[in-house]
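It should be emphasised that the depicted structure is a prediction, and the values quoted were computed from it without experimental measurement.
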Amino acid sequence: MSKSIKSKENWVELLLAWSSCLDRELPWRERYPRNPYYVWVSEIMLQQTRTEAVKPYFNTWIHKFPTVHDLAYAEESEVLHTWQGLGYYNRARNLQRAAQEVESKYGGNLPETRSELESLPGIGSYTAGAILSIAYGQREVAVDGNILRIYSRLYNIEEDIMKSKGKRKITQLVEETLPIPAGIFNEALMDLGQEICIPKYPKCGECPISMACDAYVLGKEKTLPIKTKKKAPKEYYVACALIMKDNKFLMHKRADKGMLASMWEFPMIIDESADKSVHDLFILWGEESNVDSIWTYSHTFSHQIWHMSAYLIKQKNQIVLDKNLKWFSSEEYMHIPLAGPHARLAAWAKKILK
DNA sequence: AACTCGGGGGA
DNA sequence: TCCCCAGAGTT
């Protein structure tokens, strides 16, 4: 039997041996058995987000909301404020809603079946599999971006891993190779995906299972996986109003659905035309005290680009406040969830009040 | 199946 | 610049 064939059979063992030596120190991996709530919070935070970005948020989160109960009864604004800067804010809202359901329906204990977990908001097939395998020791697959990439290379899968056909094929393959304990194996694959089998230039020279890897043997490690490109972000022009009264700024709470839901912003008009956004801002909020913008910034989201400009505006005589329109001092607005680039504008605008 | 939803880090 | 990342929900 040739070495490569033998390695193909043994790659799971080789991977597990490698990862046990690696012993990564992560805040959500501190003890055995794992705290299911910690696993849950970390998996939600890690969706589409790098480990290094998550670490400080995870520690702050656990400090503020140590248990499912604490999260369930927290103010939504504090939940969003704690998540501010991490992105994909529906994750935070869904996490709290799910915590409320776990509290009321399951007595504060995260359920241990795939169907019950996937019925909770924010928990899909990947996260359910991660919780079941890592926190509860069940033999369940958890197919994330790392696993799609690694299996595409290991088994020379040329299907597009972003499409359901490719994902189905790889999920089937993972199911066939999944050992016990699956949690250790799933974590080992994620470690390999972050440390070695990285997207652009995989470090095959350091890889413990390169001899079992079809892509490496065939010299295709840089061309796999096949993945569709994302389309270019759409560009918008955003005019922001700085309206002051009694050393406070007027601020607006965004709708509870859609982009940056329920987060606060300076009153703004967004449009595909720069001129129209500024024109409409003055129509709606009043006469400009200076026709020139006093602050500009371009912010790139994953699917939109906002070209922002801020204007000092003399307030109209009548501004009808409601729960979504309030005055905040620069001290006060550091404690509310600020919408994306508005956090940057808020930090800058503090000096106007001095 | 295609689209929305954030932000930051690396080459 | 461009690309990617421990995905889920909606249409």
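Protein atom CD1 of A:I147 is 10 Å distant from nucleotide atom P of C:dG7, rounded to whole Å. In this structure, the CZ atom of A:F185 is 15 Å from the C1' atom of C:dA6, given to the nearest Å. To the nearest angstrom, C1' of C:dC5 lies 10 Å from CG of A:D144. Counting to the nearest Å, the P atom of C:dC3 and the CE atom of A:M162 are 13 Å from each other. For A:L46 and C:dA6, the CG to C1' distance is 5 Å, given to the nearest whole Å. Separating the NZ atom of A:K227 from the C1' atom of C:dC4 is a distance of 6 Å, rounded to the nearest angstrom. Atoms NZ (A:K257) and P (C:dG9) sit 14 Å apart, rounded to a whole Å. At whole-Å resolution of the value, CZ in A:R29 and P in C:dA6 are 12 Å apart.
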How does protein reach along nucleotides 2-9 of chain B, written 5' to 3' as B (base within reach of a heavy atom under 4.0 Å), S (only sugar-phosphate), or - (no contact)?
--SBBBBB
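Between A:R149 and the phosphate of C:dC4, there is no side-chain N or O to OP1/OP2 separation shorter than 4.0 Å.
Test A:T127, A:N94, A:L110 against A:L120 for side-chain contact (heavy atoms from CB on, under 4.5 Å) and you get one pass: A:L110.
Ring pair A:F328/A:W264: centre-to-centre distance below 6.0 Å.
C:dA8 and B:dG8 are spaced 22 Å apart, taking the P atom of each and rounding to whole Å. Comparing B:dA11 with C:dA6, their P atoms sit 15 Å apart, to the nearest whole Å.
The pair A:R24-A:E195 meets the salt-bridge criterion, with a side-chain N (NZ, NE, NH1 or NH2) lying under 4.0 Å from an Asp/Glu carboxylate O. Ion pairing between A:E332 and A:K326 fails under the 4.0 Å rule for side-chain N and carboxylate O. Ionic pairing of A:K203 and A:E221 is not present here: no N-O contact between side-chain nitrogen and carboxylate oxygen is shorter than 4.0 angstrom. No salt bridge links A:E159 with A:R168; every basic N to acidic carboxylate O contact stays at or beyond 4.0 Å.
A donor-acceptor contact closer than 3.5 angstrom links the side chains of A:Y151 and A:T177.
Summarising the base pairing, C:dC5 is matched to B:dG7 through a Watson-Crick or G-U wobble pair whose two defining distances lie under 3.5 Å.
Residue A:W306 is classed as having no contact, given no heavy-atom separation below 4.0 Å to the nucleic acid.
A heavy-atom distance below 4.0 Å to DNA chain C is reached by these residues of residues 109-131 of chain A, ordered by number: A:L120, A:P121, A:G122, A:I123, A:G124, A:S125, A:Y126, A:T127.
By the salt bridge (Lys or Arg N to Asp or Glu O under 4.0 Å) test, A:E112 is found to be paired with no residue, residues two or more places apart in sequence or in another chain being considered.
Hydrophobic clustering (ILVMFWY, side-chain heavy atoms < 4.5 Å, transitive): A:L345 and A:I294 are in one cluster.
Nearer the 5' end of DNA chain C, as judged by each residue's closest nucleotide, is the contact made by A:P199, out of A:K167 and A:P199.
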